[in-house]
Amino acid sequence: MIRRPLRPLARILQARDQGVDPDRIEAQERAARLAACQKAERRKAERRLVLLGGAFVLGFGLVAAQMARVSASEPEPERSAGLANPILSDRADIVDRNGRVLATNVATTSLYAHPKSMVDPRAAADGLARIFPDLDAEELFEDFTGSQKFLWIERSISPEQHQLVHDLGEPGLLFGRRQSRLYPNGRILAHTLGGARYGREGVHSAEVLGRAGIELGLNSRLTDPKKTDEPLVLSIDLAAQTAMEEVLAEGMETMNAKGAVGILMEADTGQIRAMASLPDFDPNNRPTGLFEGDPSDNPLFNRALQGRYELGSTFKPFTVALALETGLVAPQTMVDSKSPMKWGRYRIRDFKDYGPQLSVEDIIVKSSNVGTARIAIEQGGAAQRRFLENLGLMTPLRVELAESSSSAPILPRTWSELTTMTVSYGHGISVTPLHLAAAYATIANGGYRVEPSFIENPNIDKTDNPQVISERTSRQVRDIMRQVMVRGTAREADVEGYALAGKTGTADKPLPGGGYARDKVISTLASVFPAANPKYVLIVALDEPTTIINKTSFRTAGLTAAPVAADIVRRLAPILGMRPGDFGTEGPEVLYTLAGNN
């Protein structure tokens with residue numbers, strides 16, 4: 001910028017010629033220079049004001065945008081102050097299909113200590129030991145007089161215990177608020193619900209997490225802040241569950257069994273109305289610590305979903321269903337049943353000699369291993385394996401319980417001809433009772449595969465699932481299994497007016513070192529009812545049962561599991577709204593016989 005001269009020569013000379021004082025020229029130039037400087041400073045100030053105004057507008061715009069975002073977001077539950085990762089303690093209730101509470105939250109109190117604030121550690125230790133018998137007064141006193149500044153006493157205490165501790169008057173004993181999981185029905189449905197535990201915890205809040213069962217399997221759903229006010233509805237019927245557990249416990253005691261399983265499933269949908277595993281536990285006070293010995297003896301062990309057993313003759317209807325579906329046999333086809341059946345160095349025997357031939361129907365009614373094995377070897381191992389896969393008996397279950405990860409069947413290493421024969425009558429393959437229930441539902445409901453589920457869903461349509469066998473084959477197998485109840489091995493399970501159809505199975509228990517125990521069995525009754533139009537599948541299994549009849553011991557399913565199943569049906573039918581009715585079937589058809597048999 002060129003500075004403006006205060007005494008421009010041209011004007012000075014002109015002023016002198018005109019007789020004007022030249023100092024006035026300087027004064028005018030000085031005033032003009034000052035005006036120019038003021039104008040420049042004003043422009044600079046205006047630019048600064050514009051920039052400052054823009055900054056204010058941008059700042060307030062960001063604040064407004066943040067306020068709008070917060071106001072439009074979903075509300076979140078209250079969080080503990082001062083935590084980088086706040087502890088969320090809310091958890092959704094669990095209810096049965098009729099809205100009855102199975103699991104809920106209750107406000108409770110935690111107890112902790114600040115030893116440095118204690119007035120009388122000895123009196124506090126003695127008082128706490130009286131209130132909580134599991135605590136040791138001497139250990140508490142050592143902790144209170146040691147170097148610790150903080151000490152948990154009890155994670156959850158009752159209102160009565162709270163008052164008793166308060167009455168001790170010790171300022172170093174303090175209380176915190178938290179939520180605790182409550183199972184109002186005690187032991188009922190223990191294995192399905194599973195139980196809960198505390199995760200991260202502070203003195204004023206604690207995270208409640210699933211420990212097993214539904215609580216662990218659906219933990220993310222139950223702790224979702226958007227769904228904690230929405231109960232999780234199970235397909236379980238609490239009344240049916242209670243009745244089943246009561247009768248099953250009585251039957252387990254009567255039959256001197258070490259364990260028992262009961263499953264009630266809807267035949268068309270696979271939804272589970274009741275499932276029990278005994279012995280059980282109280283999820284409000286779930287056992288802790290290691291358990292020595294056979295895992296299946298642990299009350300935490302879910303026999304229905306974790307117990308993988310050879311279920312014996314309950315597999316025979318699958319063999320016959322495949323043969324009927326492929327046209328290999330008809331219900332009255334005669335099959336060689338001469339016992340023992342020789343296969344290389346092996347022998348397959350029946351419980352007793354049934355004669356040289358049996359019809360396909362009587363093979364199931366009398367439970368002939370030999371007859372079933374001959375049908376299986378005719379249809380072949382590849383077809384048998386595909387059929388069992390279609391029934392879901394070769395893969396783990398995908399249900400909502402955490403234990404489903406332990407449900408993978410134990411399959412033969414090789415599928416030889418001998419394996420084909422033994423698997424046909426339920427030996428050499430181990431599955432869970434819940435696998436068996438789902439397979440029986442498929443066989444009985446017209447042949448549509450079902451997926452077991454514990455979640456209530458009124459919109460399931462069985463025809464949306466693959467059809468494994470035809471309606472005709474399904475009806476034929478039901479008719480045959482009905483005869484098992486009428487004149488076969490399961491006569492003790494037949495309940496007048498409800499017409500069950502099913503099959504017994506008695507399987508020797510494998511020994512840890514190989515081979516089978518001769519005096520320990522799993523006895524099972526797999527059934528559907530009513531037989532003419534099945535609504536439900538009922539599985540009852542007893543672990544190592546023994547019943548005494550006329551001073552003689554019996555272990556077979558027909559005399560152990562079958563009568564227990566009958567008692568369960570008598571109790572459950574009225575609860576399920578079922579009325580006694582007559583059972584009718586159409587006569588079986590004869591297609592053609594096996595090659596080489598008359």
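For the single chain, residues carry numbers from 1 onward in sequence order.
Rounded to the nearest 0.5 Å, atoms CZ (Arg197) and CG (Leu209) are 5.0 Å apart. Note that CD1 of Ile469 and OG1 of Thr326 are 11.5 Å apart. Values are rounded to the nearest 0.5 Å. Atom CD1 of residue Ile363 and atom CD1 of residue Ile375 lie 4.0 Å apart, to the nearest 0.5 angstrom. Atom CE of Met255 sits about 11.5 Å away from atom CG of Leu248, to the nearest 0.5 Å. Atom CG of Leu434 and atom CE of Met275 lie 6.5 Å apart (nearest 0.5 Å). Expressed to the nearest 0.5 Å, how far CZ of Phe315 lies from CG of Leu393 amounts to 5.0 Å.
Of the possible polar contacts, one joining the Arg449 side chain to the Asn390 backbone as a donor-acceptor pair under 3.5 Å is found. Proximity of a side-chain donor or acceptor of Thr108 to a complementary backbone N or O of Ile157 within less than 3.5 Å is detected. The closest donor-acceptor contact from the side chain of Asn445 to the backbone of Ala267 lies under 3.5 Å. Side chain of Gln161 to main chain of Ser158: a donor-acceptor pair is present (N/O by atom type, distance under 3.5 Å, no hydrogens or angles). Remark: side-chain polar atoms of Gln483 are not paired, donor with acceptor, to backbone N or O of Val365 under 3.5 angstrom. Between the side chain of Arg181 and the backbone N or O of Pro283, no donor-acceptor pair lies under 3.5 Å. For Glu403 (side chain) and Gly213 (main-chain N/O), a donor-acceptor pair under 3.5 Å exists by modelled atom type. No side-chain donor-acceptor contact under 3.5 Å links Arg303 to the backbone of Ser277. No donor-acceptor pair under 3.5 Å is formed between the side chain of Asn465 and the backbone N or O of Val450. In this structure, the side chain of Asp350 engages the main chain of Asn369 through a donor-acceptor pair within 3.5 Å.
Counting all heavy atoms, side chain and backbone alike, Pro396 lies closest to Ser404 at CB-O, 4.4 Å. Listed here is the closest heavy atom pair of Ile364 and Lys503: O-CE, 3.3 Å. Considering all non-hydrogen atoms of both residues, Ala437 and Val537 come closest at O-CG1, 3.7 Å. For the pair Ala532 and Pro534, the tightest heavy-atom approach, listed with the atom from each and the gap, is C-CD, 3.9 Å. Between Ala438 and Pro452, the closest heavy-atom pair is CB-CG, 3.7 Å. Closest approach of Pro433 to Gly307, counting heavy atoms only: CD-O, 3.3 Å.
No more than 12 heavy atoms of other residues, nucleotides or ligands sit less than 6.0 Å from atom CG of Asp229. Surrounding NZ of Lys258 are more than 12 heavy atoms belonging to other residues, nucleotides or ligands, all under 6.0 Å away. For Arg177, the CZ atom counts as loosely surrounded, since its 6.0 Å shell holds 12 or fewer non-hydrogen atoms of other residues, nucleotides or ligands. Within 6.0 Å of the CD atom in Glu389, the count of heavy atoms belonging to other residues, nucleotides or ligands exceeds 12.
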- Task: Show your reasoning for whether salt bridge (Lys or Arg N to Asp or Glu O under 4.0 Å) applies to Arg221 and Asp224.
- Result: CA-CA 5 Å; Arg221 156 63 178 87; Asp224 186 344; over 6 Å; no

- Message: Would Ile410 and Ile429 count as a side chain to side chain contact (heavy atoms under 4.5 Å, CB included) here? Give the steps.
- Response: CA-CA 6 Å; Ile410 301 175; Ile429 182 172; over 6 Å; no

- Where do Thr560 and Ser523 land on the side-chain hydrogen bond (donor to acceptor under 3.5 Å, both in side chains) test, with the steps shown first? CA-CA 7 Å; Thr560 55; Ser523 69; 2.9 Å; yes

- Query: How far apart are the C-alpha atoms of Asp494 and Arg482, what are their side-chain angles, what is the distance that settles it, and do they pass the salt bridge (Lys or Arg N to Asp or Glu O under 4.0 Å) test?
  - Reply: CA-CA 9 Å; Asp494 199 24; Arg482 174 60 187 154; 2.7 Å; yes

- Task: Could you please spell out the steps behind the side chain to side chain contact (heavy atoms under 4.5 Å, CB included) verdict for Leu500 and Val495?
- Result: CA-CA 7 Å; Leu500 276 72; Val495 180; 4.3 Å; yes

- Starting from the C-alpha separation in whole Å, work towards a yes-or-no answer on side chain to side chain contact (heavy atoms under 4.5 Å, CB included) for Ile94 and Glu215. CA-CA 9 Å; Ile94 302 176; Glu215 291 276 29; 3.9 Å; yes

- Task: Evaluate side chain to side chain contact (heavy atoms under 4.5 Å, CB included) for Tyr448 paired with Glu471, printing each intermediate quantity in order.
- Result: CA-CA 9 Å; Tyr448 295 93; Glu471 294 273 358; 3.8 Å; yes

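You'll find the side chain of Leu576 reaches within 4.5 Å of the side chain of Leu264, heavy atoms only. In this structure the side chain of Tyr440 never reaches within 4.5 angstrom of the side chain of Met265, judged on heavy atoms. Side-chain contact check for His435 versus Leu397: some heavy-atom pair is nearer than 4.5 Å. With a 4.5 Å cut-off on side-chain heavy atoms, Ile236 and Ile272 count as touching. In this structure the side chain of Pro580 reaches within 4.5 angstrom of the side chain of Tyr498, judged on heavy atoms. Within the 4.5 Å cutoff, side-chain heavy atoms of Glu154 are placed close to those of Asp134. The shortest side-chain heavy-atom distance between Ser553 and Ile548 falls under the 4.5 Å cut-off. Two residues are said to be in side-chain contact when any heavy atoms from C-beta on lie closer than 4.5 Å; Leu538 and Met244 meet this criterion.
A donor atom on one side chain and an acceptor atom on the other are found under 3.5 Å apart for Asp461 and Thr463. Between the side chains of Ser367 and Thr489, not a single donor N or O lies within less than 3.5 Å of an accepting N or O. No side-chain N or O of Thr432 forms a donor-acceptor pair with one of Gln306 less than 3.5 Å apart. Looking at Ser470 and Thr473, their side chains do bring a donor and an acceptor atom within 3.5 Å of each other.
Look at Glu266 and Arg97 and you find a salt bridge, because one of the NZ, NE, NH1 or NH2 atoms lies within 4.0 Å of a carboxylate O, short of that distance. We find that Arg555 and Asp508 are not joined by a salt bridge, their nearest charged nitrogen and carboxylate oxygen being 4.0 Å or further apart.
Put simply, the residue from Val423, Ile443, Thr442, Thr372 that forms a side chain to side chain contact (heavy atoms under 4.5 Å, CB included) with Phe318 is Ile443. Each of Lys509, His427, Glu310 was evaluated against Tyr516; a single residue qualifies, Glu310, per the side chain to side chain donor-acceptor pair (under 3.5 Å) test. Considering Ile568, Val261, Val247 in turn, Ile568 is the only one that fulfils the side chain to side chain contact (heavy atoms under 4.5 Å, CB included) rule with Val540.
If you look at His191 and Phe301, their ring centroids are not closer than 6.0 Å.
Residue pairs that meet the side chain to side chain donor-acceptor pair (under 3.5 Å) test with at least one member in residues 236-250, sequence neighbours left out, are Arg100-Asp237, Gln241-Glu245, Glu246-Arg571. Judged as a ring pair (Phe, Tyr, Trp, His ring centres under 6.0 Å), the pairs with a partner in residues 521-573 (not counting sequence neighbours) are, in order, Phe529-Tyr536.
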